[in-house]
Amino acid sequence: CIPQSCPSRNAPLGPPSETVTPELTSPTIADTGSTGHFATCNAPVTNIRPTTHSIAVQCPNGTTMHSTHEADLDIPDLPPTARLVHIVLDLNDGMLISIGTLCDAGCVATFTSSTVTIQLHGKTIMTGTRAGPHTLWHMDMATPNPTPPLTVQANALKQNSATPSN
């Protein structure tokens with residue numbers, strides 16, 4: 001968590017034509033302690049919109065970051081309540097998938113020493129692996145047609161936040 005100046009949560013996203021397909025190299029972590037899904041600006045999400053209720057994220061080093069936008073996980077099989085993602089531009093990289101949020105929406109999460117499987121009504125929705133003991137479970141978030149939100153707009157949003165508003 002390296003805090004940066006947060007852009008205005010009402011900053012415009014810019015024209016949809018500015019979206020870019022993300023390179024899904026950042027980790028997506030299955031997080032049993034997260035109260036919601038949180039992502040950086042290049043996550044595979046859809047329906048990006050400025051947030052009306054910014055979420056404060058407390059980092060282990062004591063700093064606080066804030067969400068600027070909301071979006072939906074690009075996993076249509078999940079119920080809408082399980083798809084809400086908070087975009088936090090100050091996150092270094094990656095995405096946190098809230099296991100609690102998924103389970104509250106009816107999903108079943110099964111963890112083994114090396115895998116995680118998320119199912120809804122008996123259908124596997126997501127899977128992930130764990131590299132070894134004392135490591136995190138990484139989810140496979142590759143989607144057939146991800147619609148990345150802010151890859152191009154992130155810099156513009158950060159520049160807009162640097163401009164003082166009245």
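As a basis for the values below, the full set of heavy atoms in this structure was taken, side chains included, without hydrogen atoms, waters or symmetry mates.
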Revision key, fill the gap. Output for pair (T127 OG1, M139 CE), nearest 0.5 Å, gives 6.5 Å
Check your understanding: Can you check whether A56's main-chain N or O pairs, donor with acceptor, with T64's side chain at less than 3.5 Å?
Key -> no
Check your understanding: Rounded to the nearest 0.5 Å, how far does CZ of R49 lie from CD1 of I87?
Key -> 9.5 Å
Point to revise | Point-to-point distance, once rounded to the nearest 0.5 Å, from CG of L96 to OG1 of T28 | key: 9.0 Å
**Study point:** From CA spacing to verdict: side-chain contact (heavy atoms from CB on, under 4.5 Å), E70, L84
**Key:** CA-CA 7 Å; E70 295 175 348; L84 176 66; 3.9 Å; yes
Review point. How long is the gap from CG on D72 to OG1 on T46, to the nearest 0.5 Å?
Key: 4.5 Å
Exercise for review: Answer yes if I125 and W137 sit in the same cluster of Ile, Leu, Val, Met, Phe, Trp and Tyr residues linked by side chain heavy atoms under 4.5 Å apart, and no otherwise.
Suggested key: yes
Check your understanding: How many angstroms lie between OG in S34 and CD1 in I97, if you round to the nearest 0.5 Å?
Key -> 9.0 Å
Check your understanding: Is the closest side-chain heavy-atom distance between I99 and I118 below 4.5 Å?
Key -> yes
Check your understanding: Quick one: do the T112 and T115 side chains pair a donor with an acceptor below 3.5 Å?
Key -> yes
Practice item. Taking the side chain as every heavy atom from C-beta outward, state whether L120 and P79 have any pair of such atoms under 4.5 Å apart. Key: yes
Review point. So, does S54 use its side chain to make a donor-acceptor pair with the main chain of S67 at under 3.5 Å?
Key: yes
Point to revise | Minimum heavy-atom distance between S98 and H37, given as atom pair plus value | key: N-ND1, 2.9 Å
Exercise for review: Determine whether C107 and L78 make a side-chain contact, defined as any pair of heavy atoms from C-beta on separated by less than 4.5 Å.
Suggested key: yes
Study note, to complete from the structure: Minimal heavy-atom distance between R83 and D74, with the atoms involved, is NH2-CA, 4.2 Å
Check your understanding: Does the side chain of F38 come within less than 4.5 Å of D31's, by heavy atoms?
Key -> no
Exercise for review: Provide the closest heavy-atom pair for T63 versus Q58 in the form atom of the first, atom of the second, distance.
Suggested key: O-NE2, 3.5 Å
Check your understanding: Once you round to the nearest 0.5 Å, how far does CG of L102 lie from CD1 of I75?
Key -> 8.0 Å
Review point. Just by distance, do the side chain of H69 and the backbone of L89 share a donor-acceptor pair under 3.5 Å?
Key: no
